Amino acid sequence: MSARTPATPERAALHQFIAKHHKFLLTTHINPDGDAIGSEVAFARLLRALGKSVRVLNDSPTPHAFAWLGAEAPVEVYTEELAETRFAEADALVVLDTGNKQRIGRLADHIQRHAIAVAVVDHHVTHDGFGSVNVIEPSAAAAAVLVHELMLEAGVAIDAVAADALFVGLATDTGHFRYSNTDARALRMAADLVERGVDAADVTARIHQTAPAGRLRFFGEALAALEMRHGGQLVVLEVGPEQFAKHGLIGADTEGLVDMPRAIEGVEAVALFSEVEAGKVKVSLRSTGRVNIDGVVSRLGGGGHPHAAGVQLRGSRAQARERILPELERLLAELPPLAPGTAAGGQRA
Ligand code: AMP
Ligand code: MN
Ligand code: MN
């Protein structure tokens, strides 16, 4: 395949960054989602196609649903010793799908110690641009969109592993082409990947038919207790440590839960307060399209996209609610009435 002209000066700088370095380490945010893992696996293929050596190391384990993607491009999980080895070996770090340095978890400390060159490829709005090269394009539906375009620009082959990985990133971040970030660019990318051999139905089955029964019971409990607030415009969900323990689940198992109440007619926003360990609350917010909720969490140190954002808070669930819900309700109170028969789309990670 022939190379294309890089779309922006930052992308040209990233291609130069790749040319200049040889031993790459890739990482992404804690509790990785489909876009995080998919972007890493595809980026690893890009680098390998260019003759680079590549390792992938994340703070958190790969969720079961995406583990098959790592079969040909192993995704390693943090230990202090492994991180020391991988940082010592590498001359460059590429961080994918991550808006700030803290979000890579325990790997963040190693960056200072090793004075490694850092590049970022991301699509979050809230960003501290912590790389020496930053390809940050919030207009992209997924980080995988950027990796796909970078592969086309580099002129490398998109093999079956890369194509599946890119499809997973794109499909999961667009809620399988249902959210408001599903633009023509995303659909063209999907078509390109299907033309390259991706079996969309098969990939979708692989990532959505992996749940243990306990996860559905856990969802059932959480959904049975959902609260409707603000005249039915706001749904609040809570899950506590005892529920995670009872069903044998971890924090990543809430994936998808916050998206379900979008199905309720008239809902504008959803808030999930997930306390995996006592005193640590992960807040996930979603908008179905009319309110931009990222500001509610960015002022507390979190971030994300206008229609999908999150933050980690210390304290009880009651304290977390107190810090989030009044601000969300204030935003909802500013909304003009909706014309009958219209519904919005929202967005995800
Ligand atoms: P989640 O609710 O975890 O699915 O995340 C929704 C979106 O918000 C994703 O784009 C995340 O990367 C982003 N996000 C979630 N938690 C945080 C956080 N603590 N800091 C910054 N961004 C976050
Ligand atoms: Mn993403
Ligand atoms: Mn993500």
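Given the structure is predicted, the values throughout are model-derived calculations rather than measurements. Whatever order the structure lists them in is the order used to number ligands and atoms, beginning at 1.
- In this structure, of His29, His127, Arg286, His124, the residue bringing a heavy atom nearest to atom 5 (O) of ligand 1 is Arg286.
- Among the atoms of Asp173, an N, O or S atom is found under 2.8 Å from the Mn ion (ligand 2).
- To the nearest 10 degrees, the angle centred on the Mn ion (ligand 3) between OD2 in Asp33 and NE2 in His29 reads 100°.
- Here His148 and Phe43 keep their ring centres 6.0 angstrom or further from each other.
- Residue-to-ligand polar distances keep Gly301 apart from ligand 1: every N/O pair is separated by 3.5 Å or more.
- Set against the non-hydrogen atoms of Gly302, the atoms of ligand 1 under 4.0 Å away are 18 (C), 20 (N), 21 (C).
- Here the shortest heavy-atom distance to atom 18 (C) of ligand 1, taken over Gly310, Ser274, Gly99, Gly304, belongs to Gly310.
- The N/O atoms of Arg103, backbone and side chain alike, include one that comes under 3.5 Å of an N/O atom in ligand 1.
- With a 4.0 Å heavy-atom cut-off, ligand 1 is reached by no atom of Gln102.
- For a threshold of 3.5 Å applied to N or O pairs, the pair formed by Gly303 and ligand 1 contains at least one separation below that value.
- Closest to the Mn ion (ligand 3) among the N, O or S atoms of Asp97 is OD2.
- His208 and His176 have perpendicular rings, their planes meeting at more than 60° on a 0 to 90° scale where under 30° would count as parallel.
- Here His123 meets the criterion, with an N, O or S atom under 2.8 Å of the Mn ion (ligand 2).
- Between Asn100 and ligand 1, no N or O atom pair is found at a separation short of 3.5 Å.
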